[in-house]
Amino acid sequence: MKRSSSHRAAAAGRRVAMGLVVLVLLVAGAWASWDAAHHIILAKGRDHGTVTVTGCGEEKCTGSFTPDSVSRERPRVTVDRSVAAREGDRFPVVVKPGSDAVVRTGLPGFLHAWVPLAGALVLAAFVIGGGLRMTRTAWGAGTAGAVLLVATFVAL
């Protein structure tokens with residue numbers, strides 16, 4: 001059975017549209033992840049130390065900052081509550097330039113920074129499998145996202 005040119009054009013248009021959806025999902029996930037990840041990956045020349053969480057609000061936790069040997073002292077710093085911080089916790093951090101906000105470092109902080117990309121990979125897997133009909137690629141993307149999410153949960 002021969003396919004008409006309009007059928008081929010519709011199929012190509014569907015593939016392009018689904019490809020763009022996947023691209024938007026992955027770019028948005030990477031962009032959201034990079035906001036925190038770049039402080040961890042490009043941490044050279046920034047203040048490093050350890051935070052001891054002294055109190056938490058709905059969105060932020062505050063704590064005392066113990067700098068490493070070359071970093072500047074700060075009386076108080078804030079960390080996003082989403083990093084599984086509870087009162088009394090201690091963990092390594094890097095200070096965001098020009099602020100008293102900190103980002104958790106080490107493997108748990110690194111994994112947590114990439115959670116938005118992991119979620120985007122899981123969502124994109126459905127579009128890749130259903131919209132583009134690329135099942136092996138979809139399983140790969142979905143598995144990679146799920147592994148990152150589980151590793152983050154375990155590390156935190």
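As a basis for the values below, the full set of heavy atoms in this structure was taken, side chains included, without hydrogen atoms, waters or symmetry mates.
- Side chain of Thr54 to main chain of Thr62: a donor-acceptor pair is present (N/O by atom type, distance under 3.5 Å, no hydrogens or angles).
- No side-chain heavy atom of His48 sits under 4.5 Å from any side-chain heavy atom of Pro92.
- Pro67 approaches Ser71 most closely through the heavy-atom pair CB-O, 3.7 Å.
- The side-chain heavy atoms of Phe65 and Val93, taken from C-beta on, include a pair separated by under 4.5 Å.
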Evaluation steps, side chain to side chain contact (heavy atoms under 4.5 Å, CB included), between Leu121 and Leu26: CA-CA 7 Å; Leu121 281 167; Leu26 295 179; 3.7 Å; yes
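- The CG atom of Asp47 lies 7.5 Å from the CG atom of Asp68; values are rounded to the nearest 0.5 Å.
- Atom-to-atom distance recorded for Leu117:CG and Leu25:CG is 10.5 Å, nearest 0.5 angstrom.
- Inter-residue side-chain proximity for Lys96 and Val103 is flagged as met; some heavy-atom pair is nearer than 4.5 Å.
- Distance check: Trp114 CH2 to Ile40 CD1 gives 9.0 Å after rounding to the nearest 0.5 Å.
- One distance of note links OG of Ser33 with NE2 of His112; it measures 10.0 Å at 0.5 Å rounding.
- For the residue pair Ala32 and Pro116, the shortest heavy atom distance occurs at CB-CB, 3.7 Å.
- The closest side-chain heavy-atom distance from Val127 to Leu123 is not below 4.5 Å.
- Annotation: the span from Cys56 atom SG to Arg86 atom CZ amounts to 9.5 Å, rounded to 0.5 Å.
- Both Leu42 and Val94 are part of a single hydrophobic cluster, where members link through side-chain heavy atoms under 4.5 Å apart.
- Put simply, Leu148 and Phe110 are part of the same group of oily side chains (I, L, V, M, F, W, Y) that touch within less than 4.5 Å, one to the next.
- Summarising the geometry of Arg81 relative to Glu58, their closest heavy-atom pair is CD-O, 3.7 Å, with the distance given to 0.1 Å.
- Residues Arg74 and Val102 form no side-chain contact, since every pair of their non-hydrogen atoms from C-beta on lies 4.5 Å or further apart.
- A heavy-atom distance below 4.5 Å is found between the side chains of Leu149 and Val122.
- Side-chain contact check for His39 versus Pro97: some heavy-atom pair is nearer than 4.5 Å.
- Annotation: side chain of Arg46 is not in contact with side chain of Val95 (no heavy-atom distance under 4.5 Å).
- Leu111 CG to Arg104 CZ: the interatomic distance, rounded to the nearest 0.5 Å, is 10.5 Å.
- Listed here is the closest heavy atom pair of Gly130 and Arg133: O-CG, 3.9 Å.
- Residue Arg14 places its CZ atom among more than 12 non-hydrogen atoms of other residues, nucleotides or ligands, all under 6.0 Å distant.
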